[in-house]
Q: 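The structure follows.
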Amino acid sequence: MAQAKFKIWRGTQDQGEFQEYTAEVGEGMVVLDCIHQIQATQAPDLACRWNCKAGKCGSCSAEINGRPRLMCMTRMDDERYITPGETTIVEPMHTFPLIRDLVTNVSWNYKINKMIPRFQPRQADAPDGTWRMSQEEVDRVQEFRKCIECFLCQDTCHVLRDHGKTEGEMFGGPRFMIRVASLEMHPLDTADRLPLVKDSLNIGLCNITKCCTEVCPEHIHITDNGIIPLKERVVDRFYDPIMWLFHKIFGDKQKAEPARTRTALPVIHEPAAKS
Amino acid sequence: MAQLQSLPVHQGFGETSRRDAWWFGPLVTLIGLSAFLIYANAIVLFVPGYFEIRANKADFFAPHNPAVAPYLAPFHAPLLYDAQSRHAWFQQARPGFWPSWAPFSSAMLILIFPAGFRLTCYYYRKAYYRAFWADPPACAVGEPRKSYWGENRLPLVFQNIHRYFMYAAVIFLFFLWWDALQAFWWPVVENGTVVSHRLGLGLGTIIMVVNCILLTGFTFGCNSVRHLTGGRLDCFSCPRNIAEPRLRHKFWHWSTLLNERHMEWAWASLISVGATDLYIRLCAMGTINDIRIF
């Protein structure tokens, strides 16, 4: 087994230091394995969040050699992130207030989340209270549903990280642009969140430098499929004079399409009769 | 704990815990875009003429100097003003409103459109915000300025004009494809005059066609095209609620396929425009000779 050296931040935001540790690295080990080993052998009070160790819970976000990553999805033999023979630096996410060691307080994100109106489906398509939609309609939003809320995109977003736009003229951040996109592009949803996106979540603050897309562990195309389409919708509504005139004359018919104007609905499957 | 300190915040320009070559991408972008900008400005400001290959290579503007090849350099497409080119829309050396003391190139009248298209393009914005403005220079790397307005206020709120430049770019594509088709139709010159035209093919023809293909891929993969073809819809099958693939969904899907490689299309088409222009100009100046295939 090879030995790997680590420098891990110990302490709080204002008081702390990097401490050095050593871990025995076996085949297939990830950074989180090493952190657990260090907890077990050298630093039982090392604070870190983790749950699934499979890249699905979004708990173990940290900065490994300066790169926002999930610790459980960063293999020790991945030379894009870990330099062999060199000390690996593990820091907490920089954008959020530090509680201790590698654990940050991400509750700001939950406050932003509450600003977004929930899913508001149109009137049911069928008498039994169900809806019909085709796969092609929901492909887009299914990508956004992969989000595990690890908040790495929020951490790396320079609008939040370097410019501190978390209050006042604040920026909602990539995670919540994706949440809005998942609702706005939903074929059944009727709510209008574009004024919120423009004026409260301040999508104009995003300068599409795509760091959020680069760090997303679920490989969601945050910028190209979420933020830019939302920016284009904001242009439609608030900046483009021709589209403004178009909507004035013809109306925005695709929102709140009443079910009764639809043609007869195909029955997807009959419920099996109970014997 | 001895020597306590606060968590390093990386507020200074270039400060980071990253160890990889994060500066490499922005540096390549900086060099590549700067080279193109220098070339384009030099051509437009300091090299009048030489946008097509004429019989007298020493004096481009000499009277009765017919084109011996059907090419047109893309920086001059569409060619609005020229006294003798058959590509010209107006057969005069310069427009009447142009001050006589000012240098003139037909490219000055049209380049604002492709330049505006690329300047407001979502990919190029990412590229030059990072490489030229360092906002941010790379992900999780410190920035030189604390203040920030994003694209919420003047002047950057004007980036929202992108779709209008896209409309212009689509129109320009028609001109460029028309020029590429004309590049198959070669003049037959006898005793200094064009007597007829016939089908032909030169290396320049192939270069112009490839350039058009790359520009088409770049233009139709534009995020605004993607939005206007179908991305703006929440429901592709509404209001009839039919599950069959809809035409607008197909357009959106095709644009999305191009958009997934928008960066590659952007660079390939930028390089091809510059290279096509340079090739035709070097042939026009007699520095190199075009290869005539038939």
Side-chain angles (χ1 to χ4, degrees), chain A residues 9-11 13-17 63 65-68 80 83 86 89 91-92 94 98 125 132-134 136-137 156 158-159 161-163 165 169 171 184-187 189 202 204-211 214-215 224 228-229 232-233 235-236 239-240 253-255 257 261-263 265-266, chain B residues 1-11 16-20 122 125-126 129-130 135-136 138-143 146-153 156-157 160-164 223-224 226-228 231-246 249 253 259-260 262:
Chain A
W9 180 261
R10 300 300 312 272
Q13 186 101 21
D14 306 315
Q15 275 201 323
E17 63 177 348
E63 296 187 13
N65 285 334
R67 315 273 296 271
R80 291 171 299 171
T83 314
E86 285 191 20
I89 299 171
E91 298 166 82
H94 283 236
L98 182 61
D125 294 338
R132 302 287 181 270
M133 53 186 177
S134 54
E136 70 186 27
E137 309 287 8
T156 198
H158 75 122
V159 183
R161 183 187 182 96
D162 295 295
H163 302 297
K165 299 281 187 187
E169 188 196 24
F171 179 52
E184 276 294 296
M185 296 177 191
H186 199 290
D189 181 73
N202 268 313
L205 286 177
C206 169
N207 70 344
I208 47 171
T209 38
K210 296 197 180 181
C211 287
E214 282 184 26
V215 300
D224 281 314
I228 294 175
E232 286 290 311
R233 286 173 181 225
V235 176
D236 267 6
Y239 295 107
D240 182 344
K253 286 183 180 169
Q254 53 167 323
K255 281 277 176 200
E257 182 73 31
T261 64
R262 288 155 191 279
T263 51
L265 292 160
Chain B
M1 285 186 273
Q3 292 177 330
L4 290 175
Q5 58 189 42
S6 64
L7 185 70
V9 283
H10 305 316
Q11 290 287 341
T16 181
S17 302
R18 286 180 66 164
R19 290 170 171 176
D20 56 323
Y122 285 96
R125 274 145 77 178
K126 172 209 164 184
Y129 286 146
R130 282 196 188 193
D135 206 357
C139 307
V141 176
E143 297 185 11
K146 187 72 186 162
S147 62
Y148 181 77
W149 297 278
E151 298 180 340
N152 240 0
R153 299 182 203 171
L156 292 181
V157 73
N160 290 319
I161 205 172
H162 183 52
R163 60 182 60 179
Y164 287 91
N223 286 284
S224 290
R226 195 176 168 223
H227 171 73
L228 293 165
R232 54 184 295 272
L233 302 177
D234 295 333
C235 177
F236 293 107
S237 60
C238 294
R240 287 191 291 155
N241 204 15
I242 298 169
E244 70 192 29
R246 314 295 299 162
H249 182 265
H253 179 65
N259 183 265
E260 284 168 2
H262 203 42

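Letters A, B, ... mirror the listed sequences (proteins, then strands); counts begin at 1.
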Q: Look at B/E260, B/H253, B/R226, B/R153 and state which one has the largest set of heavy-atom pairs under 4.5 Å with chain A.
A: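 Counting heavy-atom pairs under 4.5 Å, the top option is B/R226.
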
Q: Parallel, tilted or perpendicular, judged at 30° and 60°: which one describes the rings of B/Y148 and A/H163?
A: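 B/Y148 vs A/H163 ring planes: parallel.
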
Q: Need one label for B/N160: side chain, backbone, both or neither, based on atoms under 4.5 Å from any heavy atom in chain A.
A: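 Both parts, heavy atoms under 4.5 Å.
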
Q: I want to check something: taking the side chain as every heavy atom from C-beta on, are B/D234 and A/D189 in contact at a cut-off of under 4.5 Å?
A: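 SC-SC contact between B/D234 and A/D189 ruled out.
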
Q: Please round to the nearest 0.5 Å and tell me the distance separating atom OG1 of A/T209 and atom CZ of B/R125.
A: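 One gets 11.0 Å once the value is rounded to the nearest 0.5 Å.
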
Q: Which atoms of B/L156 come close to chain A, meaning under 4.5 Å heavy atom to heavy atom: side chain ones, backbone ones, both, or neither?
A: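 Contact with chain A involves no heavy atom of B/L156 at all.
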
Q: Can you check whether A/Y239 reaches B/I161 side chain to side chain, under 4.5 Å on heavy atoms?
A: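 Side chain of A/Y239 against side chain of B/I161, heavy atoms only: no contact under 4.5 Å found.
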
Q: Return yes if a side-chain donor-acceptor contact under 3.5 Å exists between A/D224 and B/H262, otherwise no.
A: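 Checked: A/D224/B/H262 side chains show no N/O donor-acceptor pair below 3.5 Å.
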
Q: So which heavy atom on A/N65 is nearest to which on B/R19, and how close?
A: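 Heavy atoms of A/N65 and B/R19 come nearest at OD1-NH1, 3.4 Å.
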
Q: Might you point out which heavy atoms bring B/G231 and A/R233 nearest each other, and give the distance in Å?
A: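 Heavy atoms only, the tightest pair is O-NH2, 3.0 Å.
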
Q: For the interface with chain B, which of A/V159, A/T83, A/V215 has the highest count of heavy-atom pairs at distances below 4.5 Å?
A: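 That would be A/V159.
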
Q: Any donor-acceptor pair under 3.5 Å linking the side-chain atoms of B/S17 with those of A/E91?
A: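 B/S17 and A/E91 do have a side-chain donor-acceptor pair below 3.5 Å.
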
Q: Identify which part of B/D20 has an atom lying under 4.5 Å from any heavy atom of chain A, answering side chain, backbone, both or neither.
A: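 Just its side chain gets close to chain A.
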
Q: Identify the two heavy atoms, one from B/R18 and one from A/G66, that lie closest to each other, and give their separation to 0.1 Å.
A: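 Where B/R18 meets A/G66 most closely, the heavy atoms are CG-O, 3.4 Å.
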
Q: Without swapping roles, check the side chain of A/N207 against the backbone of B/Y129 for a donor-acceptor pair under 3.5 Å.
A: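 Such a contact is absent between A/N207 side chain and B/Y129 backbone.
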
Q: Rounded to the nearest 0.5 Å, how far apart are CD of A/E136 and SG of B/C235?
A: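 Here the rounded value is 9.0 Å.
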
Q: To check you understand the geometry: which heavy-atom pair defines the closest contact between A/E214 and B/C139, and what is its length?
A: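 Looking at all heavy atoms of both residues, the shortest contact is OE1-SG, 3.3 Å.
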
Q: Could you measure the distance from the CZ atom of B/F236 to the CE atom of A/M133? Nearest 0.5 Å is fine.
A: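 So the CZ of B/F236 and the CE of A/M133 are separated by 14.0 Å.
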
Q: Is any side-chain heavy atom of B/H162 closer than 4.5 Å to one of A/V235?
A: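 A side-chain contact under 4.5 Å is absent here.
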
Q: Give the minimum heavy-atom separation between A/E232 and B/Y122, together with the two atoms involved.
A: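 Heavy-atom minimum between the residues: OE2-OH, 2.6 Å.
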
Q: Looking only at non-hydrogen atoms, find the nearest pair between B/H227 and A/D236 and report the distance.
A: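 Closest pair (atom of B/H227, atom of A/D236, distance): NE2-OD2, 2.8 Å.
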
